[in-house]
Engineer: 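The following block contains the structure, expressed as structure tokens.
Lettering follows sequence order; numbering is per chain, from 1.
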Amino acid sequence: MSIDFNTKVIEMKNITKKFGDFVANDNIDLTVHKGEIHALLGENGAGKTTLMNILYGLYKPTSGEIYINGKKIDITNPSVAIENGIGMVHQHFMLVETFTVVENIILGMEITKNMGVLDIERATKEIEELSKKYGLHVDPNAKIHDISVGMQQRVEILKALYRGADILILDEPTAVLTPQEIDELMEIMKSLSDQGKTIIIITHKLKEIKQVADYCTVIRRGKKIDTVKVADIAEEDLAAMMVGRQVSFKVDKKEVDIGDVILKVDNLVVKDNRNLNAVNGLSLKLHRGEILGIAGVDGNGQSEFIEGITGLRPVESGVVTLNGKDITNLTPKEIIESGINTIPEDRQRRGLVLEFTVAENMILENYYKEPFSTKGRLNHESISNFAIELIDKFDIRPQDHNHKVGELSGGNQQKVILAREISNNPDVLIAAQPTRGLDVGAVEFIHKYLIEQRDNGKAVLLISFELDEIMNLSDRIAVIFNGKIIDIMDAKEADERTLGYLMAGGGTIDEAK
Amino acid sequence: MKRNRFIMIGISILLGLIVGAIVLLIAGFNPLEAYGVMIKGVFGSPKYISWTIIRSTPLILTGISVAFAFRTGLFNIGAEGQFIIGSLVATLVGYFVKLPPIIHPIVALLAGALAGALWAGFAGLLKAKFGINEVITTIMLNWIALYFSNFMVFTKAFKRPNKDASHRILESASINVLGKWKTSEAGKAFLVEHKFWKEFLNPPVNYGFIIAILVAMLIWYILKHTTLGYQLRAVGFNKDAAEYGGIDVKKNIVVSMMIAGALSGLAGATQVLGVSKETAILAIMEGYGFDGIAVSLISGNNPIGCIPAALLFGALKYGGSKLQPAIGAPFEVINIIIGIIVFFIAMPKLVEMIISYREKKRGGEVESIK
Amino acid sequence: MKALNDLGIILGISLMYAAPLMYTALGGVISENAGVVNIGLEGMMTIGAFTGAAVSYFTGNPWLGFLAAGLSGGALALLHAVACVTFAADHVISGTAINFIGPGLALYLCKIFFDGAAMTLPLDLNHKIPRPLDRFFSTNSFWNSVLNQYATVYIAFLLVILVWFILYKTKLGLRLRSVGEHPRAADTLGIDVFKIKYLAVILSGILAGFGGAALSIAVVSNYRISLISGQGFIALAAMIFGNWKPQGAMWGCLLFGIAQGLAVYLGGTSLKISSQILAMIPYIITIIVLVFFVGEATGPAANGIPYEKDQD
Amino acid sequence: GCGNNAEKPKSDIKVAMVTDEGGVHDQSFNQSAWEGLKKAEKDFGIKVSYVESQQDADFAPNFETLLDAGNDLIWGIGYKLSDALLDAATNNPDQLYAIVDFSYGDKTPDNVVGVVFKAEQSSFLVGYIAGKMTETNKVGFVGGTAGDVIWGFDYGFQAGVQYAAKELGKEIEILNQYAESFSDVSKGKAIATQMYQQGADIIFHASGDTGNGVIEAAKEQDKWAIGVDRDQNYLAPDNVLTSAMKRVDVGVYNVVKDLVEDNFPGGQTVVYGLEEGAVGIAPTSDKHVPKEILEEVKELEKKIIDGEIEVPYNEETFKEFMKTL
Ligand SMILES: Nc1ncnc2c1ncn2[C@@H]1O[C@H](COP(=O)(O)OP(=O)(O)OP(=O)(O)O)[C@@H](O)[C@H]1O
Ligand SMILES: Nc1ncnc2c1ncn2[C@@H]1O[C@H](COP(=O)(O)OP(=O)(O)OP(=O)(O)O)[C@@H](O)[C@H]1O
Ligand SMILES: [Mg+2]
Ligand SMILES: [Mg+2]
């Protein structure tokens with residue numbers, strides 16, 4: 001089915017949303033036609049999610065009107081949106097971890113027998129049919145915390161379709177998927193639009209917009225810049241519209257000689273929370289002066305691998321040596337002191353004490369050392385001075401070391417961690433998802449520091465789901481699958497297809513070729 | 001922020017008193033008269049002030065105990081049991097151990113604190129080692145402490161003949177202010193001359209209050225200015241981050257519970273050495289720990305804040321005890337008032353709304369005048 | 001034969017002890033599965049105990065008293081809900097307040113309605129909750145010791161099944177648990193998070209009120225100030241013990257009941273164990289069972305976190 | 001300074017009491033004491049009032065409160081208040097005090113009167129009734145928290161049962177258990193239920209609120225319970241056989257009367273027993289206890305008053321009693 005330009009399924013007019021004094025959406029107009037795939041593009045914090053949350057009834061607009069299929073609707077809460085055929089897949093999944101797939105899908109729209117008793121059997125059947133119809137494979141009876149992120153995403157889409165959604169909002173749906181999964185999703189979107197569904201997709205990836213979207217609306221700092229026909233515009237121009245200047249996505253990286261092995265992991269086995277071997281005989285060597293990228297789909301043991309080598313999770317068997325010294329199963333403190341520092345993947349859970357000030361967070365690993373404390377007494381002055389220095393060097397905003405970290409933006413939170421870890425000048429820096437969810441400026445900044453670390457003859461272990469990041473930064477790339485490194489290649493020789501093939505568990509490089 | 005908190009507490013207290021007034025009215029008492037009795041009952045004489053302070057002293061310490069645990073992410077419902085154990089051990093040391101004055105009370109206080117620390121540390125250990133929720137274990141340990149104390153009081157060497165209580169502690173272990181001097185000839189002569197001091201010193205005024213204030217400052221200092229406090233707070237706010245930063249989370253849970261327990265144990269010890277001088281058979285929980293929870297919550301889990309909060313609590317309870325003989329109003333109204341105060345303190349959002357409504361109203365009036 | 005009878009006595013005592021705790025613990029299960037921590041159970045139980053005894057006394061109908069007990073517990077719970085749900089209060093603070101207000105109010109009302117007395121007037125045996133299986137078994141038989149219980153005991157077990165069924169098999173239960181695990185997700189699906197939380201907290205108060213009445217008009221026949229001295233907290237512990245599940249909470253209460261039964265039984269034997277030591281046994285057994293058989297428990301993911309919608 | 005009441009008009013005399021944690025409505029000795037004061041108020045036209053204690057630490061400040069209120073006589077109700085009362089009395093030698101259930105012996109200050117009751121005597125009488133009336137030859141005793149006071153009830157009761165057993169020429173077993181609580185009704189009920197199941201048909205309790213559970217068990221199993229302190233028959237009219245009365249009200253009333261008549265027995269301990277009519281069996285006993293037995297009880301009372309029978313009140317005296325039996 002092609003786009004029906006006579007039917008405006010969505011018309012948002014003059015939408016303004018203020019959070020206190022801050023204007024997140026500034027007089028935005030958005031029109032979407034039936035059968036269209038419409039992309040929303042903008043930097044971090046541009047206001048994309050806010051606009052869609054308004055459309056879905058999660059936020060009340062400060063002013064402005066919304067028309068659905070030509071009728072003015074006051075979308076006061078998600079129920080109204082659902083009734084009007086709007087479904088939304090949120091940037092952070094809205095799934096109840098302890099529930100099964102079926103339970104998550106039917107929640108709020110339950111099929112019941114008498115007296116409100118759930119009819120799970122019928123629901124399961126319906127969902128199986130639905131999943132067949134749209135080619136969205138899920139395991140209906142699995143619990144959410146047991147399934148892959150890709151499947152979780154399909155559950156989210158099914159949730160919307162199950163509610164009879166004709167308009168589907170997808171907020172950054174590809175951020176956590178493998179290239180293959182992304183391809184699959186693109187296909188699904190096309191097939192949905194063929195079946196008459198209207199889709200709004202938010203993404204930072206220009207490639208994807210080119211691939212599926214018909215039209216694209218660009219938002220910058222809460223204001224709508226323009227809506228353009230995707231076929232008529234080049235990626236570079238889209239990027240320029242988005243940030244308001246020409247951007248280059250290349251990372252400057254000079255050649256460095258790779259040095260001795262500094263970190264050696266031998267046949268490592270680490271269990272996950274369910275007591276299964278998440279890391280299952282993993283071996284690798286990290287050299288001075290290199291960035292070793294670890295590519296892989298979420299859930300293949302990356303987290304357990306990092307926690308295993310940093311002492312946060314017991315190592316069942318295998319050996320980790322740093323500079324020739326066995327550091328297997330030492331305490332986190334001992335491991336930090338032997339020279340490994342980490343940028344953790346979950347910055348809010350692991351990386352920061354949100355209720356602490358910036359200054360307090362800066363000394364998380366060193367609070368007991370001179371000059372931050374003497375004989376168990378904190379030395380507030382030197383802590384402050386240290387924090388002020390780092391805030392300045394890493395351009396952390398606001399420039400206030402007494403600010404609570406929880407009140408900082410995501411990018412600045414990440415900079416606090418980076419500043420802290422790099423200031424330790426570790427031999428090995430483990431960077432897990434260092435730029436997840438950050439805008440272009442912040443990403444550039446963090447990449448610069450990772451490379452600087454490598455240039456200084458230290459080693460960086462980079463773990464990321466973002467293939468572009470891995471390929472741009474790494475000197476060598478290891479692919480992790482099912483808790484093992486299945487192959488390692490030179491970054492220059494790596495291409496997206498091969499990596500994607502390996503990440504999906506396809507086999508070794510040779511087989512990929 | 002800080003200012004707002006004070007205003008909020010003030011408004012909560014006001015609301016509590018208003019509800020209390022309504023309850024009194026319904027039962028046919030004049031609330032103004034009742035509050036008058038309470039105010040006079042607390043401030044009417046130097047000795048009433050002494051009594052209020054004496055009444056508040058253990059609550060400052062159990063309040064800090066609960067607050068400290070909260071600050072480090074633990075809910076210490078067990079202050080009650082730790083208090084009991086602290087009292088018991090302080091009595092044992094106060095009676096059986098023979099030491100010179102000054103040293104004797106110090107040893108007894110430390111012993112009480114240590115006993116409380118070990119008692120609570122056990123709950124901390126179970127949490128750290130087996131992940132057992134400290135709420136359950138401390139509830140269970142409260143009852144075990146109660147029965148254990150009763151058991152100990154009944155041992156032959158410890159029980160006072162013809163009394164369901166232990167022997168009294170030796171005079172050398174007392175922490176009363178000028179205890180001996182008060183009854184000496186010189187003391188008596190002085191006090192006859194100086195009415196205020198006679199009144200003020202009439203109740204068993206003891207160093208417990210000063211100890212409690214010093215401890216509040218110490219705990220505030222530990223939390224704010226030491227690496228130990230830094231670690232404990234980090235664990236309390238986010239134990240995953242603390243663990244990642246190399247802090248031994250399990251050890252800190254045990255240490256935190258031990259410090260909390262030491263504070264409650266100390267509360268029990270000061271009570272014995274300063275006021276009760278003995279451990280009596282306990283028929284029921286006396287409520288020092290449970291009141292401590294309320295004190296801690298009123299103070300916003302701030303150790304320094306526990307001092308005024310406990311004084312408020314002590315004043316309400318001590319002043320409230322005078323309602324009955326004066327005007328015949330039942331004491332329960334005090335518990336209702338305390339409950340309402342705590343209830344409003346739980347709802348800063350509501351109280352803020354009330355404040356901003358009033359400000360708006362005032363603003364509106366100003367505008368209409370223009 | 002003697003051994004069997006002794007066992008019967010222990011089990012009978014266990015059931016008597018466990019039943020009031022079970023109601024209250026079930027209340028905790030419901031409230032906390034919807035994400036509202038309820039340490040105010042003690043206060044709700046107390047007001048229920050008083051209301052149950054007072055209404056039964058004045059109406060002569062224990063079932064009316066039982067219902068009224070539930071309503072009074074629910075009314076107190078409503079306060080907790082207003083604080084925790086509407087005003088995003090700290091659940092522990094609000095619960096602590098309830099624990100002051102509940103007992104204070106119960107005694108205050110008791111003194112008003114019962115001429116200044118700190119206890120309600122006792123009910124006749126035939127004005128108490130009935131014992132459906134009374135005279136069904138021969139006296140002093142094993143089955144009589146175990147099963148000749150007040151209707152409240154059977155109802156407690158029925159409620160365990162009912163609560164389990166509602167939580168895990170019905171629409172309401174699914175929604176209730178989703179609100180405790182991930183309120184935002186529930187919200188995005190059009191579920192009224194506040195309404196569900198209100199419902200759950202009020203239900204928990206009703207059950208705690210029942211628990212109080214199960215003591216005041218079944219185990220004994222009047223309310224007095226000392227009747228609920230810590231039972232609410234024990235029920236809370238049983239709920240955590242049972243991993244926030246109805247059946248788990250039931251086992252927690254039964255364990256505690258059995259331990260009490262055992263302590264009472266041992267006190268009646270010729271073993272000369274001091275009575276203070278015996279009194280500690282139930283609490284010690286609970287800790288031991290926790291350490292060796294239960295271990296770590298985690299509640300619903302969003303339990304105790306105030307849920308606030310769009311903050312603007 | 002205890003002889004100046006004569007000049008005062010009676011309506012100016014003020015008497016007040018400090019209760020223990022049970023409070024004035026405890027259906028037990030606090031309430032009984034208050035009833036005694038109220039009767040005195042009515043009879044002599046004096047003014048009376050009370051303060052309730054919430055915890056042990058309240059005793060001393062409560063004495064202060066009453067001191068400041070200008071009372072002529074201040075009562076402490078219950079042995080738990082003995083230390084606090086002694087302190088207050090020593091500090092304020094001009095103020096009159098009296099305490100229920102405690103004797104300072106030779107060391108009683110001049111401004112203090114101790115009032116004690118021979119609870120073992122009434123316990124002996126109910127024990128005798130139990131011994132006479134048991135059909136299963138098994139009776140029980142449930143105590144609150146163990147201690148001197150409750151032991152008095154315990155051993156007095158045992159002695160009475162054994163006395164009856166001797167008379168009847170049979171063996172009667174006495175089950176004996178302490179709840180370690182004065183407030184755990186469930187436990188009281190559990191213990192009593194167990195005793196009944198083991199064949200006891202009469203149980204005497206001296207356990208405060210815990211006893212509520214004992215009486216409840218009696219009601220349920222349709223067995224006998226024996227009440228304590230006051231006439232507890234109203235709690236279960238068909239199942240409370242009798243009660244071991246301790247007329248705290250009589251004791252309190254009498255001392256106040258002495259005061260009003262300017263006859264305050266300062267420095268002494270007044271012992272109230274059968275002779276003074278301050279202990280005994282409940283007036284409702286005739287509902288369930290046969291006349292003959294009641295008559296025998298009367299005779300026993302006489303023997304006790306005459307000193308022919310010395311009722312034991314602790315383990316030691318009980319052993320001696322058993323030797324003489
Ligand atoms: N509930 C809120 N309260 C206050 N500020 C908010 C709230 N939600 C969003 N904002 C702010 O509004 C701005 C727009 O946020 P929004 O989430 O819409 O950005 P976005 O375009 O989706 O960015 P991203 O690419 O990071 O997802 C940001 O500065 C954000 O901090
Ligand atoms: N609730 C309170 N009642 C009385 N005084 C208080 C209270 N809270 C704080 N104060 C006063 O404020 C001073 C600062 O307290 P403190 O430095 O411990 O607060 P903080 O640590 O900055 O606050 P927070 O509790 O938010 O961590 C204290 O010395 C005390 O005098
Ligand atoms: Mg964002
Ligand atoms: Mg977004």
Engineer: Among A:G116, A:A160, A:G57, which has the most heavy-atom pairs under 4.5 Å with chain C?
Structural biologist: A:G116
Engineer: Of the listed residues (A:I106, A:N77, A:L107), which shares the most heavy-atom pairs with chain C below a 4.5 Å separation?
Structural biologist: A:L107
Engineer: Between A:K113 and chain C, with a heavy-atom cut-off of 4.5 Å, which part of the residue counts as in contact: side chain, backbone, both or neither?
Structural biologist: neither
Engineer: Please determine, among C:D192, C:L172, C:L174, the option with the most heavy-atom pairs under 4.5 Å with chain A.
Structural biologist: C:L174
Engineer: Side chains of C:F233 and C:L41: closer than 4.5 Å at any heavy-atom pair?
Structural biologist: no
Engineer: Which residues pass the side chain to side chain donor-acceptor pair (under 3.5 Å) test with C:T86, not counting sequence neighbours?
Structural biologist: C:Y198
Engineer: Is it the backbone or the side chain of A:I82 that comes under 4.5 Å from a heavy atom of chain C, or both, or neither?
Structural biologist: side chain
Engineer: Heavy-atom cut-off 4.5 Å, strictly under: side chain, backbone, both or neither for A:L95 against chain C?
Structural biologist: backbone
Engineer: Is A:M109 in contact with chain C via its backbone, its side chain, both, or neither, using a 4.5 Å heavy-atom distance?
Structural biologist: backbone
Engineer: Side chain, backbone, both or neither: which part of A:D119 has a heavy atom under 4.5 Å from chain C?
Structural biologist: neither
Engineer: Assess the side chains of C:N38 and C:S204: does a donor N or O sit below 3.5 Å from an acceptor N or O?
Structural biologist: yes
Engineer: Both conditions, 6.0 Å and 45 degrees, for the charged tip of C:K197 above the ring of C:Y307: are they met here?
Structural biologist: no
Engineer: Answer yes or no: are there more than 12 heavy-atom neighbours, outside A:K271 itself, under 6.0 Å from its atom NZ?
Structural biologist: yes
Engineer: Would A:K18 and A:F22 count as a cation-pi pair here, with the cationic atom under 6.0 angstrom from the ring centre and within 45° of the axis?
Structural biologist: no
Engineer: May I ask you to decide whether A:E126 forms a salt bridge with A:R122, counting only side-chain N to carboxylate O separations under 4.0 Å?
Structural biologist: yes
Engineer: Hey, which of A:V117, A:V96, A:I120 has the most heavy atom pairs under 4.5 Å with chain C?
Structural biologist: A:V117
